[in-house]
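A note on names: the letters A, B, ... follow the listed sequences, proteins ahead of strands, and every chain is numbered from 1.
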Amino acid sequence: MQLHDVWFAVIAVLWTGYFFLEGFDFGVGVLTRLLARDRGERRVLINTIGPVWDGNEVWLISAAGATFAAFPDWYATLFSGFYLPLLLILVCLIVRGVAFEYRAKRPETSWQNRWEAAVFVTSLLPAFLWGLVFANITWGVPIGSDKNYTGTLGDLLGPYALLGGLVTLVLFTFHGSVFTALKTTGDIRARARRLATLLGVASAVLTGLFLVLAQRHTGGTASLVTLVAALVALPVAVLANTAGREGWAFAFSGVTIAATVATLFLALFPDVMPSSLDPRWSLTAQDAASNPYTLRIMTWCAAFATPLVLLYQGWTYWVFRKRIGTQHIAGNH
Amino acid sequence: MITALAPETLARWQFGVTTVYHFLFVPLTISLSSLVAGLETAWVRTGKEKYLRATKFWGKLFLINIAMGVVTGILQEFQFGMNWSDYSRFVGDVFGAPLAFEALIAFFFESTFIGLWIFGWDKLPKGIHAACMWVVAVGTVLSAFFILAANSWMQHPVGYRMNPENGRAELTDFMRVLTQNTALAQFAHTLTAAFLTGAAFMVGVAAYHLMRGRHVPVMRSSLRLGLITMVVAGMLTAVTGDRLGKIMYEQQPMKMAAAEALWETQAPAPFSLFAYGDVDEGHNKVAIEVPGLLSFLAHDNFSEAVPGINDTQKALREKYGDTLDIADYRPNIPVAYWSFRWMIGFGMSSLALGAAGLYLTRRRLWLSPRLRTGDDAVPRLALTRDRELGPALTGWYWRLALLTMAFPLIANSWGWIFTETGRQPWVVYGVLPTAAAVSPTVSQGEVLTSMLVFIALYAVLAVIEVKLLAKYIKAGPPELTESDLDPPTRIGGHDHDPDRPMAFSY
């Protein structure tokens, strides 16, 4: 295994970390409209992710930064080619961060209403758009001989891409409702559990279809294994949730996300951006990679930093392990 | 196509606008995190309530600010790929590494521990809680270091080689990229300027309250902390700026010549105070100068020659003319000239105001006992040992101090505008022209869309942010609650009342 293969795996791990973590906080954002009945409940939801959403988002920054450093061509083609979807994601992430921090900083109802609407919209759109982006990457997009994207915005909105968007949206919302059941107490916890069952079934259908198509398109043995893992983990998560084993349910909805991302990356390999025009124009991990010296330095950095990050982020989750309910929110107005 | 709306022009404007905007929040984040951590540590060690109230007050302003800094930072990382994809392809091997280091090492620290700090008041013992802010502070400094190393490589590329097969720059010596003199000098200059910025902010806000005689114990301590930081950081900013100028003169002579509108080589070279000239003709019509000072800025002596714009242009044409198709190696001269002056002018005025404040509010030194004030009284501004400033002048000092809050922010912005536009027409000096760096397939419509979206969004957010800051500045430090005075003694918080509301919630 060569260094650029290792780095392909590292990038996959970083995206997996991002979708596992921000997946549930996007989901919780969606639930502020889908599950919460009033402002008090919305605040409970927002506060379950309050201490952690920012740290979760850094997984995205790391994934993008590591792609830039390890696969400059991949980064360049992807970000310039998927210009408008990424622009929309950026706008959402900017507004979303501000919405969390500023929502409670003024007592006026209109002020709080607006930021709460923002939390919902800016969680929903990226949850959809990331699926769209990754479906397009795995399926292949028009890339010319000069490594640049030659298509239009319309080329990014094909049926498979839209299915991909729907998959991540529903799967993240499922993951978020399982997380809510794990982190809250009282009525909202019971309703989150019921909703999770529904979302879990919908996710199973959508994710199954999406991954089987990917497998038939460019899959191999390895991606078949992770596909099966995803499709086994999802029902287990649903069952554990119904049985009231919320910790297990969350672990397995997480495994589903990880196995889904792994399936996509394995189906993608050894390409990083396949061209739908001509396979010779596809960007491969080998061609798109930085030189071995850069990759070696990056390996040292990742080997040192990632375990440390997992350690202190894990500690954060432990510090905030207590469940919260409406009674824990001061001055619920 | 209209040149003003060419993708390259738009991409440059977008980079300039979004980066200057982002950098309004960055220096405040860097400095206020340390200052807040210092105040909280003072509380942990002395148990004095005024320090806890100060921590809560400045902490809240810090959080309003960092929220904007964090979100506008995401855009910076995406922007290279979106608008500058040929740049990214060409330099990703070198430039990407410090960016990835920044994310993996610095951003994770900042973002994780800021969450712990915000929500941790009733979950963490106070020592650990204060330590979280220190970790945030370390994260911001590390982040600044990596990103400045990356920028320094654009100013002065080292530790790389050109790969003739794929025509891109490849890293050969990462330690050199991190420790070259440009990176260290830029890091020192930016860091000290950041502390000048945060300190001026603190002094301005404290002056606002002291002028009205409100929240005196907290604001008096804050004023003192702010003034001392302001003077120390301001002096260091000047020293590090001088150092950086000398390095810049060696590495980018055109930038220095443009900063001075020095058209012809001169020995000794004068420092220009005011100039108005004709860029096409290549000379100044009006010039007011201090003889020999530019020679000193470049060489540490008052007589040596400094090459002018016209000679440097000739030299660069000879050097790169065979390989590159660049007609003009001059940056925008008026922008370089004036931005350099605004940077120094606003930066040094804030230092002067800080020094005046530190002197006027001194506590014992050369001060008659009747002018000394206790911790609960507004400091009296003493001009000499026995003489106080009159009420009108005292009022003006406080008002001026409030105004000075903005000075370092203006100086920082002009500093970046100077160093980035002064490097033109290069994006990587001597290696990659800016015109060759833009995304070739991104359309004019796309860049225009994103430009308009970000300008509109940033304008709205700026209004919201400033109003919110003003609201919380005016409100002053909060009264302490029972739970503030009863911090947990173990991690995870007290157990005695499971339904107790969280100390902080969104």
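- For A:V309, the part lying under 4.5 angstrom from a heavy atom of chain B is the side chain only.
- Only the backbone of A:A289 comes within contact range of chain B, with at least one heavy atom under 4.5 Å from a heavy atom of that chain.
- For A:L90, the part lying under 4.5 angstrom from a heavy atom of chain B is the side chain only.
- Looking at B:Y458, only its side chain comes within 4.5 Å of chain A, counting heavy atoms on both sides.
- Less than 6.0 angstrom separates the ring centroid of B:W153 from the ring centroid of B:Y160.
- In summary, the aromatic rings of B:F101 and B:F174 are positioned with their centroids under 6.0 Å apart.
- For chain A, the nearby part of B:Y472 is the side chain; its heavy atoms alone come within less than 4.5 Å.
- A:I324 touches chain B through its side chain: at least one heavy atom from C-beta onward sits under 4.5 Å away, while N, CA, C and O do not.
- Residue contact with chain A, scored on non-hydrogen atoms closer than 4.5 Å, is absent for B:V460.
- Under the 3.5 Å distance criterion, the side-chain polar atoms of A:N148 are left unmatched by any main-chain donor or acceptor of B:T441.
- In the model, B:Q79 has a side-chain atom that pairs as donor or acceptor with a side-chain atom of B:T18 under 3.5 Å.
- Taking the six-membered ring for Trp and the full ring otherwise, A:W7 and A:F71 have centroids separated by 6.0 Å or more.
- When heavy atoms are compared at a cutoff of 4.5 Å, B:F109 approaches chain A by way of both its backbone and its side chain.
- Looking at B:L75, both its backbone and its side chain come within 4.5 Å of chain A, counting heavy atoms on both sides.
- With a 4.5 Å cut-off on non-hydrogen atoms, A:R321 touches chain B through its side chain but not through its backbone.
- The contact between B:P498 and chain A is made entirely by backbone atoms, counting heavy-atom distances below 4.5 Å.
- The part of B:T172 that comes within reach of chain A is its backbone (N, CA, C, O), which places non-hydrogen atoms under 4.5 angstrom from that chain.
- Across B:R500, B:E77, B:K471, the residue that shares the most heavy-atom pairs under 4.5 angstrom with chain A is B:E77.
- Interface residue A:T77: backbone and side-chain heavy atoms are both found under 4.5 Å from chain B.
- The ring of A:F79 has its center no closer than 6.0 angstrom to the ring center of A:Y83.
- Of the atoms belonging to B:L461, it is side-chain heavy atoms, and not backbone ones, that fall under 4.5 Å from chain A.
- Contact of A:Y293 with chain B is made through the side chain alone, with heavy-atom distances under 4.5 Å.
- Proximity to chain A is limited to the side chain of B:L457, based on heavy atoms less than 4.5 angstrom apart.
- Ring to ring, A:W59 and A:W15 are not that close: their centroids are 6.0 angstrom or more apart.
- Ring centroid separation for the pair B:F95 and B:F80 comes in under the 6.0 Å cut-off.
- Both the backbone and the side chain of B:R89 come within contact range of chain A, each with at least one heavy atom under 4.5 Å from a heavy atom of that chain.
- Using modelled atom types and a 3.5 Å distance limit, the side chains of A:R96 and A:S123 yield a donor-acceptor pair.
- In this model, no donor atom of one side chain and acceptor atom of the other lie less than 3.5 Å apart for A:S80 and B:S439.
- Figure legend: cation-pi geometry between B:K56 and B:W121, with NZ or CZ positioned under 6.0 Å from the six-membered ring centre and within 45° of its axis.
- The residue among B:G493, B:A97, B:S450 with the most heavy atom pairs within less than 4.5 Å of chain A is B:S450.
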